[in-house]
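Structure first, commentary second.
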Amino acid sequence: MGYYLNSVNPYENFRELTQERYFVDKSMLIGELIPALGTKNRYFCITRPRRFGKTVMANMVGAFLGNAKDSSSLFDSLAIAGRPDDYRHLNQHQVIFIDFSEVPRDCSGYRQYIDRIQDGINQDLAKAYPALDIRIDGAVWDNLSAVFQMTGSRFVFIMDEWDAVFHMPFMTDKDHAAFLLFLKALLKDKVYAELAYMTGILPVAKYSDGSELNMFLEYHMATSARFGEYFGFLDQEVDMLYATYKTAVKEIKILREDLAEWYDGYDTADGRKIYNPRSVVCALTDNQLRNYWTSSGAYDSVFGYIKHNVDDVQDDLALLFAGESVAADIQEYAAVSMQLATKDEIYSAMVVYGLLTYKNGRVAIPNKELMDSYAAMMKKEKSLGYIYNLANASHHMLAATLAGDTETMAEILKFAHDTESPIFSYNSEAELSAVVNLAYLAARDLYRVEREDKAGEGYVDFIFYPVQRDADALILELKVDSTPQAALRQIRDRHYALRFQGKLGEKPKYTGRILGVGISYHRKTKEHACIVEELL
């Protein structure tokens, strides 16, 4: 066993995962790879946002195929064990496992970085094949070729975080090019390479626009249907985890629908919705809903892309935050870190990094976890202009609504409308909804805000569910070229307030007031009007 060749690390890492309470069996991924062993199409690159299970799957594949340790105790009870033709490959292959995010101590340059990998593999080969003349300072592909020529041994390459070098501060453009040539020399048309399984965030094709790595078949979450179910959790898998959660905790603090609101919403190319796996597991483990995935800097990531072209994305941002989707020509190869000019390039990068989801030519914010990061950005970044101003006026809007101060409410909406932006033409109620959503941004700290929620005998524009049981609940209905009274009448006639009443014989979910809020805008007079009344 060595550090790279036949390392025990993939086994140990996957073993630890299988011991977790909230473990999901994704072993059928292995069955997708085994038919490619030794074939022309044996090069796979699977790209996903961070924390979507890339490293977990890499360790699983390494633990299954690698011969460093008998892993039957890990896989005998998993789904792949039911595929005899695939299961016979258990621990039958030599695996070279490379985590490209690892760097030497005090690393200051590419040569130091890549020599660690080459020398390490060569040292492992020298130990595994002592009878051969393995040069530690030689090219690793020459040594691997010699091993194959002399012994017939072939190797499975598992490479995690292939694109880590593009985020390392000591790397130059010249170093990036050298790295691509290293991968080409190591893998392309090499008979000793039985399989190459590579993961990362960024697509290979963006950085290899020539023939360096064109042997790889690339699979992206937004555009490639294959492998979609193996990265992220499906609904039925979250159902299973939630059933485990209910038996594991003393006090249930998370509802099943909470997990969907907070962590679901990513679209795969095969039409599935998937959950952020890390966030689901952390929430169930902690028995608490909060931002797990975005807590490590998604707010900075969101603005890092938007700031390059605020003028073009400003109005879209308002619509996105209101729960709308916007048209986008997603070019997965446009994900050059921080080198973005057009709106479509910005959205493409944000999809690649998991900050937006993509479906049928449109992008959207997937869930509450990310909505909160967008909200934080809107309240902090002055360069966002009217969005920043309206977000920071939102405390006054909520206070005025709860006090029934309709004059102040109308003034705040007029303040928003007076900016120069096409979104304030209100050509549709969707645009009015976007503005109203921003005007109530501060409410998200105290309410769960639902858009187009089923209530009573129809769908209401907004319902604000209080976090505190004794707080006031809000039902908002919006009208263009009508009156706030008409909006309020719709709330009453369609019995939207029934959403806040518990089932017969149960205590009401909320003990505060239930307020109906009607907001209208007239395109000829360019006036907003508001009305607030207690419903029950």
[X] side chain vs [Y] backbone, donor-acceptor pair below 3.5 Å:
| X | Y | result |
| --- | --- | --- |
| D25 | A79 | yes |
| W262 | A283 | no |
| D481 | H522 | no |
| D258 | I254 | no |
| Q314 | L384 | yes |
| T357 | Y266 | no |
| Y447 | D472 | yes |
| N13 | V56 | no |
| R51 | Y292 | no |
| R83 | M28 | no |

(request) Mark yes or no: R448 above the aromatic ring of Y465, with NZ or CZ under 6.0 Å from the six-membered ring centre and no more than 45 degrees from the axis. (result)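 So R448 does make the cation-pi contact.
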(message) A cation-pi test, strictly: NZ or CZ of R444 under 6.0 Å from the centre of the six-membered ring of F321 and no more than 45 degrees from its axis. Yes or no?
(response)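 Verdict for F321: a cation-pi partner in R444.
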Does the pair [X]/[Y] count as a salt bridge with the N-to-O cut at 4.0 Å?
| X | Y | result |
| --- | --- | --- |
| E237 | K26 | yes |
| R492 | E533 | yes |
| R513 | D470 | no |
| K273 | D267 | yes |
| K343 | D316 | yes |

(request) Using the test side chain to side chain donor-acceptor pair (under 3.5 Å), find all partners of D405 that sit at least two apart in sequence or belong to another chain. (result)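 Residues passing side chain to side chain donor-acceptor pair (under 3.5 Å) with D405: T408.
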(request) Go through the structure and list residues passing side-chain contact (heavy atoms from CB on, under 4.5 Å) with R272, not counting sequence neighbours. (result)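 Partners of R272 under the side-chain contact (heavy atoms from CB on, under 4.5 Å) test: E229, L234, T268, D270.
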(message) Do L446 and V467 make a side-chain contact, defined as non-hydrogen atoms from C-beta onward lying under 4.5 Å apart?
(response)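 The answer is no, as the side chains (C-beta and beyond) never meet within the 4.5 Å cut-off.
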(request) With sequence neighbours excluded, tell me which residues meet salt bridge (Lys or Arg N to Asp or Glu O under 4.0 Å) with K253. (result)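 In terms of salt bridge (Lys or Arg N to Asp or Glu O under 4.0 Å), with neighbours along the sequence ignored, K253 is linked to no residue.
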(request) Show your working on side-chain hydrogen bond (donor to acceptor under 3.5 Å, both in side chains) between S279 and E369 and close with a plain yes or no. (result) CA-CA 9 Å; S279 296; E369 184 172 34; 3.0 Å; yes
(request) Please determine which of Y219, F52, Y197 meets the ring pair (Phe, Tyr, Trp, His ring centres under 6.0 Å) test together with F227. (result)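 Filter result, single survivor: Y219.
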(message) Consider side-chain contact (heavy atoms from CB on, under 4.5 Å). Of L289, I274, N291, which one does Y263 pass it with?
(response)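 That would be L289.
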